[in-house]
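To start, the structure itself, in structure tokens.
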Amino acid sequence: MAKPKKTPRPKAETPKGFRDYFGAEVTERAEMLQKIARVYHRYGFDAFESSAVETVEALGKFLPDVDRPNEGVFAWQEDDDWLALRYDMTAPLARVYAQHRNDLPNPYRRYTMGPVWRNEKPGPGRFRQFYQCDADTVGTASMAADAEICAMLSDCLEEVGIPRGDYVIRVNNRKVLNGVLDLIFGFDSKSEDAVLSAVYDTEMQKDEVLRAVDKYDKFGREGVQLLLTTGREDASGDFTEGVNLTADQAATILNFVEARGASNATTIKNLEDLLGAAGRGLDGVEELRTISDLLLSAGYAEDQIIIDPSVVRGLGYYTGPVYEAELTFEIEDEKGRPRNFGSVAGGGRYDDLVKRFTGQEVPATGVSIGVDRLLAALHAKGRLDTQSAGPVVVTVMDRDRMSDYQAMVADLRNAGIRSEVYLGNPKNFGNQLRYADKRDSPAAVIAGSDEFDRNVVQIKDLILGAKIAETASLEEWKDRPSQFEVPRDQMVARLREILEK
RNA sequence: GCCGCCUUAGCUCAGUUGGUUAGAGCGCCUGAUUGUGGAUCAGGAGGUCCCUGGUUCGAGCCCAGGAGGUGGUACCA
């Protein structure tokens, strides 16, 4: 006899960076997705859904290399192909558009929602699987498309319960930032006479500058100043290399980042003044002016959508306008410290993404709403009625009358009332009410032989009962002030009254 | 990836200078009440003190290494 090998029990745990969603968490998100989708639909976007798995090749430059095969994405090899879970909705859209471009209308406008996956270190409120809800317009370079996206984003936020004034959509333009960098580095690296290695170094440095500017929100002027010049030490004593710019160069950049004026018109004027005669930066400013004008005439005020030169949105694939939605109200974390929620949505124009597939430049612009973050923000703010209504529980007094109890829930269900018969062991009656309590049931139905003989049921208002219990003495409590008797044929009507309260 | 902090019951945490049987609150289960949620009272279950090795007569406590968690930071389509 072989020794029976004890197989270790599997640990019941969610993998790191993932989580489970129960009851109201699922329905709340479904409702939010539906609200956002309705706005997108109203704006004329078409519903669309693609597979969660793409070839790594189609997803883009993030090829898993030999050393770090899973860096960033969840990828695996199948025969000779590398496959991966999508990490956003935009890269799949570029693939789909390139693939079906002959059959799709032009411009193509679609919205889509679903989970995306990122294989990276999870943080507080940051998971490796999360929901996004995207809308994009592919095939037009018109700034009207960008303006529309911003307007729609504003509508979405208000639709899900964030009133005007509690959010702001900040708009910037990559072309302006690049114009600033041209100014700093003294030449356009794309020109003919540029030395190749110098171009490379400069481009690297430009990326680093963008990264530093992106942290303006987090570290403030001083922090970015340090990052741009000599480097910065964080709270834990870790040191981040600086970009080694001169103080003058850093100051020029910071002047742009802080160029926001009291109104969009002032901001635009500031940007023009700072850019002087420099080339491509001014194109960007002109685009910002167009977007701002379009939004103002569409009725979106500058307390909702503002031009803010400090918006960067990563290095990314963005080529023109970029947008970011931020919640402006303060929330507190578990320890009561005020916390900044950061951005809940973002997007921008990416004119080169489809080109990877087709070789032709296809202008496109779109937005992505981080649904989980938005939900978390609403929760933290207490703007979500978390009280999920449980079912009416029909208790079991007499197991031989099961068919009568089933008839009761059938009546309730036919009347549209969420209800169920207690299916656990009915021996201990107290447990049945405790169960109803735990389920957040609004009411329980009670009927034993006594009630059946007289063709009545007891209805117990559990919400009222809980309220009474807070103050009542034992004797008052035992008196069952929240319970009353009704004829069987009035059960549905009386329960409906309770539910409507 | 880098830096810091942490790891004892389902949860939140005590645990003295290294000392014998590791505790509390909350939660859970049972009963007082087999036809009634809360409160109260009585009782009960629940532990690989993260792992491995070392020091010691003796380790939850000291030392070394590892793992996991967490906070910051870096990267982030």
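Everything numeric here is computed off the predicted structure, so don't read it as measured data. Below, read A as the first sequence line, B as the second, and so on, with proteins coming before strands; counting in each chain starts at 1.
Checking B/A74, B/G69, B/G35 against the side-chain heavy atoms of A/Thr240 singles out B/A74 as nearest. Comparing B/C75, B/G35, B/U30 by their closest approach to the side chain of A/Asn431 singles out B/U30. In this structure, the nucleotide among B/A74, B/U30, B/A77 sitting nearest to the side chain of A/Lys218 is B/A74. Closest contact between the side chain of A/Tyr87 and the listed nucleotides B/G35, B/A77, B/G31 involves B/A77.
The phosphate of B/G69 has OP1 or OP2 within less than 4.0 Å of a side-chain N or O from A/Lys16. The side chain of A/Arg480 places no N or O atom within less than 4.0 Å of a non-bridging phosphate oxygen (OP1 or OP2) of B/G37.
Counting any heavy atom pair closer than 4.0 Å across all strands shown, A/Lys121 reaches a base atom. Within 4.0 Å of A/Ser482, counting heavy atoms only, lies at least one base atom of the nucleic acid. A/Arg434 comes within 4.0 angstrom of sugar-phosphate atoms only, judged by non-hydrogen atoms across all strands, and of no base. Nucleic acid contact class of A/Arg118 (heavy atoms, under 4.0 Å, all strands): base.
Environment of CD in A/Gln77: crowded, with over 12 heavy atoms of neighbouring residues, nucleotides or ligands closer than 6.0 Å.
Under the 3.5 Å distance criterion, the side-chain polar atoms of A/Gln132 are left unmatched by any main-chain donor or acceptor of A/Asp88.
Taking all atoms of both residues into account, the shortest heavy-atom contact from A/Val171 to A/Cys150 is CG2-SG, 4.0 Å.
Ring pair A/Tyr323/A/Tyr318: centre-to-centre distance not below 6.0 Å.
Between B/U30 and B/U55, the distance separating the two P atoms is 50 Å to the nearest Å. Between the P atoms of B/C26 and B/G68, the separation comes to 35 Å (whole Å). Comparing the P positions of B/U33 and B/G27 gives a spacing of 23 Å, expressed to the nearest Å.
Using a 5.5 Å limit on the distance between ring centres and a 30° limit on the angle between planes, the aromatic ring of A/Tyr317 does not count as stacked on the six-membered base ring of B/A77.
A straight line from CG of A/Asp214 to C1' of B/U73 spans 15 Å, rounded to a whole angstrom.
Each of A/Arg313 and A/Gly430 lies near RNA chain B, and the nucleotide nearest A/Gly430 is the one positioned closer to the 5' end.
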